[in-house]
Amino acid sequence: MATGTDTPKSFQEIILRLQSYWASKGCAILQPYDMEVGAGTFHPATTLRSLGSRPWAAAYVQPSRRPTDGRYGENPNRLQHYYQYQVIIKPSPPDLQELYLGSLAAIGIDLGLHDIRFVEDDWESPTLGAWGLGWEVWCDGMEVSQFTYFQQVGGHDCKPVSGELTYGLERLAMYVMGIDHVMDMPFNDPQTPIALTYGDIFRQTEEEYSRHNFDGATTEMLFRHFEDAEAECQRLLDFPPDDPKTGKRIIMAHPAYDQCIKASHLFNLLDARGVISVTERQAYIGRVRALAKKCADAFRQTEAGADAVEAVA
Amino acid sequence: MPDLLIELFSEEIPARMQGMARDTLKKLVTDGLVEAGLTYASAGAFSTPRRLTLMVEGLTAESRPVREERKGPNTTAPAAALEGFLRSTGLTLDQLERRADKKGEVFFAVIEKPGRRAPDIVAEVLETTIRNFPWPKSMRWGAGTLRWVRPLHSILCILSDETGHEVVPLTVDGITAGDSTEGHRFMGIGRFTVTGFDDYAAKLRKAHVLLDSAEREAVLWSGAQNLAFAAGMELVEDRGLLTEVAGLVEWPVPLMGRIADDFLHLPPEVLQTSMKEHQKFFSVKNPRTGRIEGFVTVANIETPDHGATILKGNQKVLAARLSDARFFWENDLRIARAGMAEWSEGLKAVTFHNKLGSQADRIDRVAALAREIAPLVGADADTAEKAARVAKLDLRSAMVGEFPELQGTMGRYYALEAGLGDAVANAARDHWRPKGEGDTVPTEPVSVAVALADKIDTLTGFWAIDEKPTGSKDPFALRRAALGVIRLVLGNGVTLPLHALLIKRIGRLTGQLRAWDAQRQGAVVAEALISVGMKDQAADAYDQVISDKRPDMQKAEDHAMAVKGVENASDLLAFFHDRLKVYLRDQGIRHDIIDACLAMPGNDDLTLLVKRATALADTLKTEDGANLIQGFKRANNILTQAEQKDGVEYSFGADPKFAEGPEEQALFAALDAAEAKIGPAMAAEDFPAAMAAMAALRGPIDAFFTAVQINSDNPIIRRNRLNLLHRIRSVCSGVADLTRLDG
């Protein structure tokens, strides 16, 4: 809980401060990816762009969905739809920890008053075939961010290594502003004529989606869509690279990756519906990972994902 | 004599790796220095979350020059030999010396290695150390190729003596060693240079870093204790947590808080586990209520508000965590009070092993086995079965789902809530034990029955499906299960007919896995038991086999199954014996002593086996015992040779009337006396008495061998003496197979 005069007044102010902070540090401020994803890492700006040797620096908010975490808007901290703030910089700069601490100061956390700790936490995404080493960052015993040096994505070694920061925005904001229930958090400035809380905006949708995720979604359709996405991903990657219409070499890595994202989210929905058994679970994760790997392979064949030397040649 | 100071400064090193990293740094660097020809007086390694430090005192300033002489080929040897020699020495022909030798003139290579300066050696050794450091997990960062546990930022490496210090010339992957470092991340004083270890440690302290983890442990422990005492409370000791927390902070600042009243009714283990696992808090107990009522968190910073903000934040996080725990607890209690049917139903859906069925199937087997074992350990069969049915239900509880380490602990609480009584509840807690070498063995009869049944079911199950441990691979921890059985049996002095038990279980299980009915399972078991001469164990099932009307096809299949089952059971019994040998070896009993006892009948009764082995080991420690073995072996060797040569067994019985001297007569008398004592002692399983009686033969046997020639010219006398030796053999062999003893 920041108690200084610098304390942000609303959820959006925290987002705006992070945006301007990371913009000032040279990141391209991107917009959320326009698909349903489980975490900010799924944005192609992170997964695909962490591959190859081209330097990259981006920051963005990513709405994220975890269907199993739905609690009908009643749980003070748990949501099936929430926001992550994601920063990805390649190669990871030597002062990334200091840059990160600067961002905490920017949102009103007084580093002389709080206890900030980097506690071992190795990150692994079985669906993306990715892993890295780093920490969860604690502020007064509360996990406020995930800090990771990517070592491998889609089965490819990351060379150079990207540094990834992920902030769980609701939790961080609640902590900074001293709010106990997420739905009570001011979304915009509480002094404005039309003051809105997080609950004004999301309580109803949390209810609707919780019901949808646990009981509404048609599982047969979800299974079918999973198969479709899987097949489409493969089909797009099977195209020969040379496009007869333009005469250019166009590998459809991103459209294929969209299908991989889709398959991943469909799997999450099926999981929330409780129709995937323990043994099947591993098989589905393996199928999504296979897609992610193929997309990574394809992206490495493109200009944006190549190693600099090859790209120049 | 310069001192060496090395600091490898990085981003936060995981706490659990720091102890290993200190030891490794010290070993790799000092080994490398010594190998390169330097010596040193002492060395010490230190760590904080951000640095790994080594100091080496009294290092020699340079390595001694080394002069090596190597003898080469004769000067007349073929050119190829000379070329090979030049290649291997790295010299040219004109650098070789020619020396006269017995066989003429020979080439000699004299290789002078000049002494090297310490800084050059240190640079080389440290670079090798950094590049090959065996972190459990390491990483790359930025655009570099170096691997370290987390990004490595700077290297401090200096040699210092009375005249000053010098920086060791070293660059690793773009990081050049220097003589500066920095202190605490938030309470530091910027970058500073150091001149030697004392200066380094003192400046770090000024920059709010306690270099020595032992000092951080001491500071935070005494600080935490003072906080607790001042509030009339007691800190709950936790060495592991203390070490971990000392690895998370450079400047420990303990802060104490209270647990909100809403959570005080939670079981203390839940509070402790939740606080430790999630928050790394120490628990604080109120001695008046005996409850966990507070916590100590350790911050890494001193703040103007004396930690008030930090404590408030931690308290808030704890409240959220404990709300979850309370939710689990209340939910679990509801199910427990309703009889836990929801959990036993749920375990049907949980696979234990794809070839051994669900957890519910496993529980059925354990329950049946617990019933069977109950009378052998003095437990009531119904209670043991009930306990076995309940013992694993907490696996389905929300609390154990969140904190697997509370398995058993929660089982006890829930069984009590279900009104099942102490015996069943304690079995739920204790049937997992002993979990490891340091763990204690349960002693309550019902707990012992369920613990034995659980472990024996696991072992027979995996043996029945041929998933035995091989080499270092033991994914189902079967060695630990076998050791658990051994400790349970020995610790409680249980007499368990293990061989028959294993045959029965494996026979039943193989039948169950094929979904055969109980009668057919019984037929297989009976056939197996009969085949190893245990008709009495086969009981009713034996009659079934005799009178059975199975079709011949089925009989053939059952027969094959029985044969396989017996094989498996013998193999598993041998596995138990192997584990027992390891266990007893650790207790100081030699393997050949165990072998001598294993060769005796009834070796599946582990309690009896160990009694016998212990008595034999004790006897061998006495002078009479040790010498008796020599006498026995001499007797046995002479007898065995004679029996081989003559092609007969001298077991006709010796006749005292042919005894010639007083020594021979005395031996007859001694054997009679020993036999009279050994028989009843063995029948009473009084091994020490039997062994003492046997050891008493030492004098008469020694005297006999000194006075008497076995191979007498008189064939009757000779034959009688060989028969007398046979009596020595048979009397002693009733106690243990002494031929298997070493020496």
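In what follows, chains carry the letters A, B, and so on, assigned in the order in which the sequence lines appear, proteins first and then strands, with residues in each chain numbered from 1. Since this is a predicted model, take the numbers as computed values, not measurements. Atom set for the values below is all heavy atoms of this structure, side chains included, hydrogens, waters and symmetry mates excluded.
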Q | Matching residue for Ile310(B) among Leu113(A), Ile116(A), Asp115(A) - test: side chain to side chain contact (heavy atoms under 4.5 Å, CB included) | A | Asp115(A)
Q: Could you tell me which portion of Arg321(B) (side chain, backbone, both or neither) has an atom closer than 4.5 angstrom to a non-hydrogen atom of chain A?
A: neither
Q: Report the residues that fulfil side chain to side chain contact (heavy atoms under 4.5 Å, CB included) with Leu227(B), sequence neighbours left out, ordered by chain and then residue number.
A: Pro254(B), Met256(B)
**Q.** Toward chain B, the part of Arg171(A) with a non-hydrogen atom under 4.5 Å
**A.** neither
Q: Tell me, out of Pro55(A), Cys158(A), Ser162(A), who's got the most heavy-atom pairs with chain B below 4.5 Å.
A: Cys158(A)
Q | Side chain, backbone, both or neither of Met187(B) within contact of chain A (heavy atoms, under 4.5 Å) | A | neither
Q) Does a side-chain heavy-atom distance below 4.5 Å link Lys159(A) with Thr145(B)? A) no
Q: Mark yes when over 12 heavy atoms from residues, nucleotides or ligands other than Phe327(B) sit less than 6.0 Å from its CZ; otherwise mark no.
A: no
Q.
What's the separation between atom OG1 in Thr303(B) and atom CG in Asp110(A), rounded to the nearest 0.5 Å?
A. 9.5 Å
Q) Measuring heavy-atom distances to chain A, does His153(B) have an atom under 4.5 Å in its side chain, in its backbone, in both, or in neither? A) side chain
Q: Using a cut-off of under 4.5 Å on heavy-atom pairs, state which of Gly142(B), Pro14(B), Pro151(B) scores highest against chain A.
A: Gly142(B)
Q.
Which one wins on heavy-atom pair count under 4.5 Å against chain A: Val249(B), Val253(B), Leu255(B), Asn300(B)?
A. Asn300(B)
Q. Which region of Asn75(A), side chain (C-beta onward) or backbone (N, CA, C, O), has a non-hydrogen atom less than 4.5 Å from a non-hydrogen atom of chain B, or is it both or neither?
A. neither
Q | Validation row: Tyr149(A), Glu11(B) side chains within 4.5 angstrom (heavy atoms) | A | yes
Q: Before giving the answer on salt bridge (charged side-chain N to carboxylate O under 4.0 Å, His left out), spell out for Arg150(B) and Asp121(A) the whole-Å C-alpha distance, their side-chain angles and the decisive distance to 0.1 Å.
A: CA-CA 12 Å; Arg150(B) 292 293 182 276; Asp121(A) 190 32; over 6 Å; no
Q: Could you tell me which of Gly134(A), Gly132(A), Gly163(A) has the largest number of non-hydrogen atom pairs under 4.5 Å with chain B?
A: Gly134(A)
Q. Out of curiosity, Met139(B) CE to Gln152(A) CD, how far, rounded to the nearest 0.5 Å?
A. 14.0 Å
Q: Quick one: pull up CD in Glu120(A) and CD1 in Ile13(B) and give me the separation to the nearest 0.5 Å.
A: 11.5 Å
Q: Mark yes or no for whether Glu12(B), through its side chain, and Arg117(A), through its backbone, hold a donor-acceptor pair below 3.5 Å.
A: no
Q) Residues two or more places apart in sequence or in another chain: which of them pass ring-ring contact (aromatic ring centres under 6.0 Å, His included) with Phe295(B)? A) Phe281(B)
Q) So, for Ala143(B) and Pro91(A), which heavy atoms are closest and what is the spacing to 0.1 Å? A) N-CB, 3.8 Å
Q.
Testing the basics here: between Ala320(B) and Asn77(A), what is the closest heavy-atom pair and its distance to 0.1 Å?
A. CB-ND2, 4.5 Å
Q.
Quick test of your reading of the model: are Lys316(B) and Asp180(A) salt-bridged, counting only N-O distances below 4.0 Å?
A. yes
Q.
So, using side chain to side chain contact (heavy atoms under 4.5 Å, CB included) as the criterion, who are the partners of Ser138(B) when residues are at least two apart?
A. Trp135(B), Arg147(B)
Q: Without swapping roles, check the side chain of Gln151(A) against the backbone of Arg140(B) for a donor-acceptor pair under 3.5 Å.
A: yes
Q) Rounded to the nearest 0.5 Å, what separation is found between the NZ atom of Lys137(B) and the CG atom of Asp122(A)? A) 4.0 Å
Q | Straight-line distance of Trp138(A) CH2 to Gln279(B) CD, nearest 0.5 Å | A | 5.5 Å
(Q) Heavy atom to heavy atom, less than 4.5 Å: which residues from residues 94-104 of chain A reach chain B? (A) Pro94(A), Gln97(A), Glu98(A), Leu101(A)
